[in-house]
Amino acid sequence: KGARLLGLPYPGGPHLAALAERGDPKSFAFPRPMLQDQTYEFSFAGLKTSLLYLLKDDPQLIKRKADLAASYEAAIVDVLAAKTLRAAREFGAKTIFVAGGVAANQKLRREMRERAKLLPTPPRVYAPEENLSTDNAVMVALAAAITTSRLPPNDSWLHLDADANLAL
């Protein structure tokens, strides 16, 4: 959603990460949603809203896309890493798996590994290869297609492109 607000193409994650590499993650003080509570839940609605209003209040900030992307990415990575490692410490996890589309984010992988080393008993951190770090929505759609037997008779469906803007 943040990538869309910045006018980046779909899928937004890789484009946002590439843009963030050229920006300063300390340029904008985005909120760290749900970081203060002691649950292990994640929600980035407040972060997305923060970016939306920042751009609405000052449309000229869009000229600083790289800084916005870097600051936005830093907030997401900070929350994901902090909550995951707090849970790992509390429950004595020996292993952390980073999965889903976000697992392709190199900054998240680095932060998880670096912060894990700081725990009293550091867990091992694993993530699939980037090309295997896909959005769960693809897997859900494929499972639904298989379950309802609506797959085309050949393997042409393996080469479909995702389009988040298709009407239902």
Side-chain angles (χ1 to χ4, degrees), residues 1-90 93 95-119 122-140 161-165:
K1 307 266 189 314
R4 180 179 279 187
L5 290 171
L6 293 174
L8 301 175
Y10 180 87
H15 296 286
L16 188 119
L19 184 60
E21 287 179 19
R22 300 192 316 262
D24 178 1
K26 295 181 178 165
S27 293
F28 296 94
F30 283 115
R32 272 41 180 179
M34 302 180 76
L35 194 56
Q36 303 310 319
D37 68 34
Q38 295 302 305
T39 70
Y40 302 107
E41 298 171 4
F42 301 100
S43 173
F44 293 103
L47 177 61
K48 292 178 271 189
T49 301
S50 178
L51 177 60
L52 173 70
Y53 285 119
L54 187 67
L55 291 170
K56 273 187 173 183
D57 291 346
D58 188 353
Q60 294 300 313
L61 287 178
I62 198 67
K63 293 177 183 175
R64 297 180 58 197
K65 268 188 194 184
D67 289 338
L68 287 164
S71 298
Y72 189 83
E73 178 188 55
I76 292 171
V77 167
D78 194 27
V79 172
L80 290 175
K83 285 193 167 240
T84 300
L85 293 164
R86 181 168 16 103
R89 183 176 50 249
E90 182 175 330
T95 306
I96 295 171
F97 290 95
V98 183
V102 73
N105 185 282
Q106 292 301 312
K107 182 173 180 150
L108 177 63
R109 289 170 180 247
R110 275 192 311 273
E111 283 291 314
M112 287 286 203
R113 288 187 175 111
E114 291 303 313
R115 291 184 189 196
K117 290 176 189 175
L118 301 175
L119 294 180
R124 297 170 102 181
V125 178
Y126 294 100
E129 295 177 27
E130 281 185 65
N131 64 332
L132 299 175
S133 300
T134 59
D135 191 317
N136 296 334
V138 173
M139 292 181 276
V140 171
D161 288 329
D163 184 348
N165 297 313

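Here the structure is a predicted model, which is why all the values come from computation and not from measurement.
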Trainee: Roughly how far, to the nearest 0.5 Å, is the CZ atom of Arg64 from the CG atom of Asp58?
Mentor: 9.5 Å

Trainee: Where do Ile62 and Leu5 come nearest, in terms of heavy atoms and distance?
Mentor: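 Heavy atoms of Ile62 and Leu5 come nearest at CD1-O, 4.2 Å.
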
Trainee: Does Tyr126 reach the side chain of Thr95, with side-chain heavy atoms less than 4.5 Å apart?
Mentor: yes

Trainee: Drop me the distance from His15's NE2 to Tyr10's OH, to the nearest 0.5 angstrom.
Mentor: 10.5 Å

Trainee: Is Ser27 reaching over with its side chain to a backbone N or O of Asp24, donor-acceptor style, under 3.5 angstrom?
Mentor: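 Such a contact is found between Ser27 side chain and Asp24 backbone.
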
Trainee: Verify, without hydrogens or angle tests, whether Lys26 (side chain) and Ser71 (backbone) share a donor-acceptor contact under 3.5 angstrom.
Mentor: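 Absent.
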
Trainee: Check whether Arg109 reaches the backbone of Ala103 with its side chain - one donor and one acceptor, N or O, closer than 3.5 Å.
Mentor: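 Confirmed, Arg109 side chain pairs with Ala103 backbone.
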
Trainee: By side chain to side chain donor-acceptor pair (under 3.5 Å), which residues pair with Arg113, not counting sequence neighbours?
Mentor: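 Arg113: no side chain to side chain donor-acceptor pair (under 3.5 Å) contacts found.
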
Trainee: Determine the minimum heavy-atom distance between Pro123 and Leu119, stating which atoms define it.
Mentor: CD-CD1, 3.7 Å

Trainee: Nearest 0.5 Å, what's the CD1-CZ distance between Ile76 and Arg32?
Mentor: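 Answer for the CD1-CZ pair, Ile76 versus Arg32, is 10.0 Å.
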
Trainee: What closest approach, in Å, do Glu73 and Leu16 show between heavy atoms, and which atom pair accounts for it?
Mentor: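 Looking at all heavy atoms of both residues, the shortest contact is CB-CD2, 4.0 Å.
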
Trainee: Might you work through the side chain to side chain contact (heavy atoms under 4.5 Å, CB included) test for Ile96 and Arg124, ending with a clear yes or no?
Mentor: CA-CA 6 Å; Ile96 295 171; Arg124 297 170 102 181; over 6 Å; no

Trainee: Kindly compute the distance separating CZ (Phe44) from OH (Tyr72), expressed to the nearest 0.5 Å.
Mentor: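 If we round to the nearest 0.5 Å, Phe44:CZ and Tyr72:OH are 8.5 Å apart.
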
Trainee: Decide, yes or no, whether a salt bridge links Asp78 with Lys107 under the criterion of side-chain N to carboxylate O below 4.0 Å.
Mentor: no

Trainee: Tell me, with the steps shown, if Val125 and Phe97 meet side chain to side chain contact (heavy atoms under 4.5 Å, CB included).
Mentor: CA-CA 6 Å; Val125 178; Phe97 290 95; over 6 Å; no

Trainee: Would you tell me whether Glu130 and Gln106 have side-chain atoms, one donor and one acceptor, within less than 3.5 Å of each other?
Mentor: yes

Trainee: Indicate the atoms forming the closest heavy-atom contact of Ala3 with Gly12, along with that distance.
Mentor: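 Heavy atoms of Ala3 and Gly12 come nearest at CB-CA, 3.4 Å.
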
Trainee: Rounded to the nearest 0.5 Å, how far apart are CG of Leu61 and CG of Asp67?
Mentor: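 That separation rounds to 10.0 Å.
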
Trainee: Supply the atom-to-atom distance Leu85 CG to Glu111 CD, rounded to the nearest 0.5 angstrom.
Mentor: 9.5 Å

Trainee: Please report, to 0.1 Å, the donor-acceptor pairs under 3.5 Å made by any side chain of residues 47-56, with sequence neighbours excluded.
Mentor:
| from | atom 1 | to | atom 2 | distance (Å) |
| --- | --- | --- | --- | --- |
| Thr49 | OG1 | Ala45 | O | 2.9 |

Trainee: On a heavy-atom basis, which atom in Asn105 and which in Ala17 lie closest, and how many Å separate them?
Mentor: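 Shortest heavy-atom contact: ND2-CB, 3.8 Å.
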
Trainee: Tell me every residue that passes salt bridge (Lys or Arg N to Asp or Glu O under 4.0 Å) with Arg22, counting only those two or more places apart in sequence or in another chain.
Mentor: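 By the salt bridge (Lys or Arg N to Asp or Glu O under 4.0 Å) rule, Arg22 matches no residue at all.
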
Trainee: Determine the minimum heavy-atom distance between Ala81 and Arg115, stating which atoms define it.
Mentor: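 Shortest heavy-atom contact: CB-NH1, 3.7 Å.
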
